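Written out below as structure tokens is the structure these notes cover.
Everything numeric in this text was worked out from a predicted model, so none of it was measured. All values below come from the heavy atoms of this structure, side chains included, with hydrogens, waters and symmetry mates left out. All residue numbers in this chain count up from 1 along the given sequence.
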Amino acid sequence: MKVLAVALFIGSLVSMPAKAAPEMLDSVSVIVDQGVILESQIKDLVATVKRNAMLKEQALPSDKALRTQAIEKLIVDSLQVQMAERMGIQVSDPQLEQTIANIAQGQKMTTAQLREQIAKEGTTYTKYREEIRKELMLGEVRRANVRRRVYITEQEINNLVKLIEEQGNQQAEFHLGHILIEFPSEPTDEDIAQAKTRAAKVIELLNKGSDFTKVATASSGGPKALEGGDLGWMNINSMPTLFAEAVQNKTKDELVGPIRSGAGFHILKIKDLRGIEKVEVSEVNARHILITPSIILSDEKAEKMLKEFREQLIAGEADFADLAKEHSADPGTALKGGELGWADPSIYDATFRDTLGTLEIDEISKPVKSQFGWHIMQLLDKRIGDATLKRKQDKAHNLLFQRKFAEESDTWIREIRASAYVELIARKDNK
């Protein structure tokens, strides 16, 4: 029956007079440089905007104004797509599917559930995929053209870090323990010396593990002595200035003091803190000797050479720094005796990093091969490094980049729009 219906429909078109030719289902509405925008694209975009506005209960302008805005967006998109094609930017199907999977995950759905949602909203999955592909292309072409226009100075970063710190300090709260070693209101030098000595003994007791609450209850002359010196949670901007200055950059469980005031010597303990960003990283200091295999030096010979070096070092017959200076193929460290300096081990090649992680301090590894060649390494020391400032600087840089990227993107889009050839094709219905 379907075949018969189609045949009858085609037959009726053939028998129609010329003046009753079928209405075209699509047409070119805008010429944009080397591309075109179809009427169907405009209608689809307007319909999508209307559908989204209805779901969000948002008011919309007139259809004419909405169509004008839709055309303008499609013009700008077309210019960027054409530029992406000239630059050879492509989005592979695996990359596209991964992006869609991430979108689904962000909405707490499976990909199948996302497809169902798309269908409910009146869009085909094929059309949705191609729209996401286009958005990825537009993002890539913008990044490629705008990134080089963004310039961030060190001063800008420092200014924003300062602002971040000031805002952070407004939120910073400390749970403080307090011990006051008093002296009289008009103390003699001897009174002050005796109070200072008592304060030093209290610090010594606490450092040896004595319970702060018990020591405070027994020794403090402060108002919270009977509560074990517990001052509770205090915002850094509301606590006494003397305390605020002293606790800056201190960590949990750290003792602070003695701090002298008109009342005596204060000892503080940071019982806890909140509203403060503190970033710590494990750092290692190591040195290594790198032997790079070549046409005249095989893998086996490079490994054997390092085994012999290791034996000499363990036996005390050679010095690590001297061997590194003479034999290491790493130009950045050879003259320093192979020393790499303090660093987060995650920056190293995976094999190198993992080997370092197995070493005790001063231990020399067996030869291991990384992407750069064969190494022996020695772990010199470990420490916990404070990366808080670096994190704030990175955060400031990212914020500045996002702000400037958005500004420069707008400028760039206006520039390519102004220089483009755009021709609107008159519509026969004059709508």
Tell me whether [X] contacts the main-chain N or O of [Y] through its side chain, where contact means a donor paired with an acceptor under 3.5 Å.
X      : Y      : result
Arg67  : Val46  : no
Gln105 : Ile100 : no
Thr411 : Glu407 : yes
Gln41  : Leu38  : yes
Ser419 : Ile416 : yes
Ser328 : Ile289 : no
Arg149 : Asn145 : no
Arg133 : Val91  : yes
Glu363 : Gln378 : no
Thr153 : Glu156 : yes

Atom of [X], atom of [Y] and distance for their closest heavy-atom approach:
X      : Y      : value
Val422 : Arg417 : CG2-NH1, 3.6 Å
Leu242 : Ser261 : CD2-CB, 3.7 Å
Ala324 : His288 : CB-O, 4.1 Å
Leu176 : Asp230 : O-OD1, 3.6 Å
Thr292 : Ala329 : OG1-CB, 3.4 Å
Ala420 : Leu79  : CB-CD2, 3.5 Å

Electrostatic pair Glu408:Arg142 at N-O distance under 4.0 angstrom: no
Glu204/Lys208 salt bridge by N-O under 4.0 Å criterion: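 Salt bridge flag = yes for Glu204 with Lys208.
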Residues forming a salt bridge (Lys or Arg N to Asp or Glu O under 4.0 Å) with Asp299, sequence neighbours excluded: Lys369
Results of salt bridge (Lys or Arg N to Asp or Glu O under 4.0 Å) for Arg403 - residues two or more places apart only: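 In terms of salt bridge (Lys or Arg N to Asp or Glu O under 4.0 Å), with neighbours along the sequence ignored, Arg403 is linked to no residue.
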Parallel, tilted or perpendicular, judged at 30° and 60°: which one describes the rings of [X] and [Y]?
X      : Y      : result
Phe183 : Phe265 : perpendicular
Phe372 : His375 : perpendicular
His327 : Phe309 : tilted

Do [X] and [Y] meet the criterion of a side-chain donor-acceptor pair at a distance under 3.5 Å?
X      : Y      : value
Ser220 : His178 : no
Ser78  : Gln82  : yes
Gln402 : Asn398 : no
Thr333 : Asp330 : yes

Could you check whether atom [atom1] of [X] has more than 12 heavy atoms from other residues, nucleotides or ligands sitting under 6.0 Å from it?
X      : atom1 : value
Gln69  : CD    : no
Glu317 : CD    : yes
Ile314 : CD1   : yes
Glu135 : CD    : yes
Lys224 : NZ    : no

So how far is it from [X] [atom1] to [Y] [atom2], rounded to the nearest 0.5 Å?
X      : Y      : atom1 : atom2 : result
Ile296 : Lys301 : CD1   : NZ    : 9.0 Å
Ile37  : Ile71  : CD1   : CD1   : 7.5 Å
Leu380 : Glu339 : CG    : CD    : 5.5 Å
Ile132 : Gln95  : CD1   : CD    : 12.0 Å
Glu283 : Ile347 : CD    : CD1   : 9.5 Å

Charged tip of Arg353 within 45° of Tyr348 ring normal and under 6.0 Å: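 No - Arg353 does not lie over the ring of Tyr348 by the 6.0 Å and 45° rule.
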Considering only heavy atoms from C-beta outward, does the side chain of [X] approach that of [Y] to under 4.5 Å?
X      : Y      : result
Thr251 : Ile270 : no
Ile376 : Leu313 : yes
Leu138 : Asp77  : yes
Val247 : Glu254 : no
Asp344 : Ser282 : no
Gln107 : Leu114 : yes
Ile364 : Met377 : no
Ile103 : Tyr128 : yes

Residue of the set Lys127, Arg129, Lys134 for which salt bridge (Lys or Arg N to Asp or Glu O under 4.0 Å) holds with Glu131: Lys134
Worked check of salt bridge (Lys or Arg N to Asp or Glu O under 4.0 Å) between Glu140 and Arg143: CA-CA 5 Å; Glu140 189 58 38; Arg143 281 189 291 274; 3.1 Å; yes
Derivation and outcome, side-chain contact (heavy atoms from CB on, under 4.5 Å), residues Asp381 and Val284: CA-CA 6 Å; Asp381 205 354; Val284 295; over 6 Å; no
Check against salt bridge (Lys or Arg N to Asp or Glu O under 4.0 Å), Asp33 and Arg86: CA-CA 13 Å; Asp33 279 351; Arg86 290 195 297 272; 5.6 Å; no
Verdict with supporting geometry, Phe174 and Lys271, side-chain contact (heavy atoms from CB on, under 4.5 Å): CA-CA 8 Å; Phe174 293 78; Lys271 293 190 169 186; over 6 Å; no
Review item, side-chain donor-acceptor pairs of residues 187-197, under 3.5 Å, at least two apart:
residue	atom	partner	partner atom	Å
Thr188	OG1	Glu190	N	3.4
Thr188	OG1	Asp191	N	3.1
Thr188	OG1	Asp191	OD2	3.1
Glu190	OE2	Gln194	NE2	3.1
Asp191	OD2	Thr188	N	3.0
Thr197	OG1	Ala193	O	2.9

Full working for side-chain contact (heavy atoms from CB on, under 4.5 Å) between Val202 and Ile179: CA-CA 9 Å; Val202 168; Ile179 296 173; 4.0 Å; yes
Candidate pair Phe401 and Ile152, rule side-chain contact (heavy atoms from CB on, under 4.5 Å), full reasoning: CA-CA 7 Å; Phe401 183 86; Ile152 300 169; 3.9 Å; yes
